[in-house]
> 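First, the structure itself, so that you have it in front of you.
For the numbers below, each heavy atom of this structure counts, side chains included, while hydrogens, waters and symmetry mates do not.
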Amino acid sequence: MSFFKAIKSLSEILPNLPRNSRVFIGSGCAEPQELVRQLVAHAPHFADAEIVHLLTAGRSEYVEPKYVNYFRHNAFFIGSNVRQAVAEGAADYTPVFLSELPRLFESGQLLIDLALIQVSPPDAAGYCSLGVSVDVMKSVAGVARCVVAQVNPQMPRTCGDSLLHVSQLHYLLEHEEPLLEYQILAPDEVTLQIARNVAQLIHDGATLQLGIGVIADAALKALHDRNDLGVHTEMFSDGLIPLLQSGVVNNMRKGLHDGKTITSFVLGSHALYDFVRENPLIEFHPSQHTNNPFIIGQNRNMTAINSALEVDLTGQVCADSIGPRFFSGIGGQLDFIRGAALSQGGKPIIALPATAENGKVSRIVADLTHGAGVTTTRGDVHYVVTEYGIAYLHGKSVRQRSLELIHLAHPDFRGELLAAMKQRHYVYPDQKLETIGRLYPHWYEVTRTFKDSEPIRFRPIKPTDERLLQDFFYSHNEDTIFMRYHAHLKTMHHTKAQDLVNVDYKQRMAFAGVVGEIGKERIIAIARYIAAPEYEFPEVAFVVHEDFRGRGIAGFLFQQLQKVAQEHGYRGFCAIVLPENVAMLRAFERIGFAEKKYDDGVFELTFRF
């Protein structure tokens, strides 16, 4: 056991340190600013010293060229303050999972000569709090040869496993100053749409992990109508406060740490620091606990929301580099992706904008940019979300996932992506994609509950529904097939199926009624219209699965089709119905048709809007 000594300046201890010391600097907004300033001021004491840290929010003078003979920085996560230095080769980057970083220190693989951290003043029992950043600090403090703590009365005492006894500290330097703040940018409309799409995957009782950035923060704003949410995350910012205050997040259904919000650090404003100060409902824990996939997986319905820089059409995710240029770090992304996959009802989510550089570059790519690294493997990816929708990839073939991901790309890039997939024989040679250059009309999506049924989501059909359509077709009995197609069809091969799922949402429109979780849906009803020159009005047709008939689903679908048709200037529908199809005739009678005539063995119905 060591005992602390109060000092006024780092100069008092420098003679005891090797010139080539490895120096650890405390993380995030808990960076000990005064100690860092003094470290830089005494740079001539050092030679070829290595400075290591995770993301920090303060200045990083030690990477400036004039200090090149004294310090060399090594980032475990690259922040904006050291990004240029890493890019220019003036600093290093070590890729490592955040859950495994403490083991590097504790095993002695990365010996720390000097640890500079920031703590609250000790209490009556001699315990200081690590405050807003626990992450890897306890591991570092436990093994560093010399631990210097900046004691700052403005550091809030936080609950959980966040305490260090003064006996674990070698030197204390008292210096009061405001903590650093970290600003999350205001979301633009693209980010808000991504957030709305992410929110579709988050149901009552979900446990959330929130990565760093504007997307995760915006997703929180879309969750105010949820109930009993929980949080087990490596970090959060100010955006979580309203959900905690309103009770939307109460942590009562997590299954682990019930009643508690679990985090490792926070990044945000002084209002956030005041909120977590001695708040018994928020617990801070070391990274080896918060980021352990096997601990994460013990939470129920664990929903991990992480961002990416680009995703290729097989599902590989790059989140830490732009080509060969390192941008951020592995951090905790894969820890939580794998932890959520282990959770009962878990959902690992990668969310990103479809384009970069003001729409000039697609983030959904045929190949990751040359030199880019794979942060999350194609086998680990489950959900990918952009402003254009949601793709579920886990367990899907390369053909299926490439089509799903093309659908998430900006319409301007879909043609070249499809051509690349054809060239590689990932998709059918005749693969169609009607949505090239077109937006999927997500605004038509709606969920309804009918008598004795689970909620049914009605949405425009997509080219990626080909397999679902085939499953729907083969689930019918022979009578249903004959009534719908006016023939005794036995098959629904790719050529026919892809024609039916590729529509232009104007002259050819189709709605699918689906049940089940997004990405794991099955079709229970389809309604479509086709406008052709030989018809005065578009022809409309419906088929509802035998298990869901008699509930008003066909009538509701007719209303949805009518809204779209009227928007595009059509004045009515026509329908061709076999006399034997009594159920459909009755359904159309309830809807109300203007004309009905029998011709050539079929009834021709006309509906005027």
Side-chain angles (χ1 to χ4, degrees), residues 95-101 197-198 201 206-207 209 211 215-216 232 234 291-299 301-323 327-352 354 362-386 389-409 417 420-421 424-427 464 466-468 516-521:
V96 63
F97 297 138
L98 189 50
S99 62
E100 296 182 353
L101 183 55
N197 290 340
V198 168
L201 298 171
T207 303
Q209 175 259 335
I215 291 177
H232 181 114
E234 66 185 6
N291 285 58
N292 184 326
F294 296 101
I295 292 175
I296 295 166
Q298 294 175 46
N299 292 285
N301 302 307
M302 186 73 219
T303 304
I305 306 167
N306 288 274
S307 59
L309 294 169
E310 58 181 358
V311 179
D312 79 9
L313 290 179
T314 71
Q316 295 185 117
V317 174
C318 176
D320 68 339
S321 69
I322 301 175
F327 184 81
S328 54
I330 293 175
Q333 178 170 124
L334 199 53
D335 293 334
F336 277 93
I337 290 292
R338 289 180 170 168
L342 292 172
S343 166
Q344 179 184 350
K347 293 176 184 171
I349 300 170
I350 299 292
L352 72 163
S362 179
R363 290 177 182 259
I364 306 297
V365 293
D367 298 293
L368 295 181
T369 304
H370 178 72
V374 176
T375 309
T376 299
T377 73
R378 57 172 70 101
D380 286 298
V381 173
H382 286 233
Y383 292 93
V384 178
V385 179
T386 73
I390 301 166
Y392 184 74
L393 307 186
H394 192 64
K396 300 285 183 70
S397 70
V398 170
R399 176 174 62 86
Q400 290 172 316
R401 59 177 54 202
S402 63
L403 290 173
E404 290 275 0
L405 287 166
I406 289 173
H407 193 71
L408 297 190
L417 292 172
M421 294 303 96
R424 296 171 194 189
H425 308 292
Y426 285 175
V427 297
T464 51
E466 182 177 326
R467 183 64 190 183
L468 293 182
E517 189 67 61
I518 292 176
K520 305 174 186 179
E521 307 158 317

> Can you name the nearest heavy-atom pair linking Ala372 to Ser321, along with the distance?
CA-OG, 3.6 Å

> Rounded to the nearest 0.5 Å, what separates atom CD1 in Ile349 from atom CD1 in Ile215?
11.5 Å

> With sequence neighbours left out, what residues match Glu310 under side-chain hydrogen bond (donor to acceptor under 3.5 Å, both in side chains)?
Thr369

> A side-chain contact here means heavy atoms from C-beta on lying under 4.5 Å apart; do Arg401 and Val384 qualify?
no

> With sequence neighbours left out, which residue pairs that include part of residues 370-380 fulfil the salt bridge (charged side-chain N to carboxylate O under 4.0 Å, His left out) condition?
Arg338-Asp380

> Search all heavy atoms of Ala391 against all heavy atoms of Leu408 and return the closest pair with its distance.
CB-CD1, 3.6 Å

> Under the side-chain hydrogen bond (donor to acceptor under 3.5 Å, both in side chains) test, which residues partner Asn291, sequence neighbours left out?
Glu234, Asp335

> Applying side-chain hydrogen bond (donor to acceptor under 3.5 Å, both in side chains), can you list everything that pairs with Asn292, at least two apart in sequence or on another chain?
none

> So, do Leu403 and Arg467 sit near enough that their side-chain heavy atoms are less than 4.5 Å apart?
no

> Provide the closest heavy-atom pair for Ser362 versus Ala409 in the form atom of the first, atom of the second, distance.
OG-CB, 4.5 Å

> Taking side-chain hydrogen bond (donor to acceptor under 3.5 Å, both in side chains) as the definition, give me every residue that meets it alongside Asp312, ordered by chain and number, with sequence neighbours left out.
Thr314, Gln316

> Rounded to the nearest 0.5 Å, how far does OG of Ser99 lie from CD1 of Ile296?
7.5 Å

> So, using side chain to side chain contact (heavy atoms under 4.5 Å, CB included) as the criterion, who are the partners of Leu309 when residues are at least two apart?
Ile322, Phe327, Arg363

> Please confirm whether the backbone N or O of Gly516 pairs with a side-chain atom of Lys520, one donor and one acceptor, at under 3.5 Å?
no

> Keeping Tyr392 on the side-chain end and Glu521 on the backbone end, is there a donor-acceptor pair under 3.5 Å?
no

> Got His382 and Lys347 here, is their nearest side-chain heavy-atom distance under 4.5 Å?
no

> Shortest non-hydrogen contact from Ser402 to Val427?
OG-CG1, 3.6 Å

> Less than 4.5 Å apart, side chain to side chain, heavy atoms only: is that true for Ile330 and Leu98?
no

> How about Glu517: does its CD atom have over 12 heavy atoms from other parts shown lying under 6.0 Å from it?
yes

> Would you confirm whether Ser328, through its side chain, and Ala319, through its main-chain N or O, come within 3.5 Å as a donor-acceptor pair?
yes

> Rounded to the nearest 0.5 Å, how far does OG1 of Thr375 lie from CG of Asp320?
4.0 Å

> Let me see the working for Ile305 and Val385 under side chain to side chain contact (heavy atoms under 4.5 Å, CB included), right down to the final yes or no.
CA-CA 10 Å; Ile305 306 167; Val385 179; over 6 Å; no

> Give a yes or no on this: more than 12 heavy atoms of other residues, nucleotides or ligands lie within 6.0 Å of atom CZ of Arg399.
yes

> Report the C-alpha separation of Asn306 and Gln209 in whole Å, then their side-chain angles, then the decisive distance to 0.1 Å, and conclude whether the side chain to side chain contact (heavy atoms under 4.5 Å, CB included) test is met.
CA-CA 8 Å; Asn306 288 274; Gln209 175 259 335; 2.9 Å; yes

> To the nearest 0.5 angstrom, please state how far the CG atom of Leu405 sits from the NE2 atom of His407.
11.0 Å

> Between atom OG of Ser343 and atom NE2 of His232, what is the distance when rounded to the nearest 0.5 Å?
10.5 Å

> Side chains of Leu313 and Ile406: closer than 4.5 Å at any heavy-atom pair?
yes

> Side chains of Phe294 and Leu342: does their closest heavy-atom pair fall under 4.5 Å?
yes

> Measure the shortest side-chain to side-chain distance between Gln333 and Val317 over non-hydrogen atoms and say whether it is less than 4.5 angstrom.
yes

> Please tell me if the side chains of Leu201 and Thr303 come closer than 4.5 Å, counting only heavy atoms from C-beta onward.
no

> Under 3.5 Å, is there a donor-acceptor pair between the side chain of Gln400 and the main chain of Ser397?
yes

> Let me confirm one number: the CD-CD1 distance from Glu404 to Ile364, rounded to the nearest 0.5 Å.
11.5 Å

> If you look at every heavy atom in Leu352 and Ala308, which pair is closest and at what distance?
CB-O, 3.6 Å

> Kindly give the heavy-atom pair with the smallest separation between Pro348 and Ala341, and that separation in Å.
CG-N, 3.8 Å

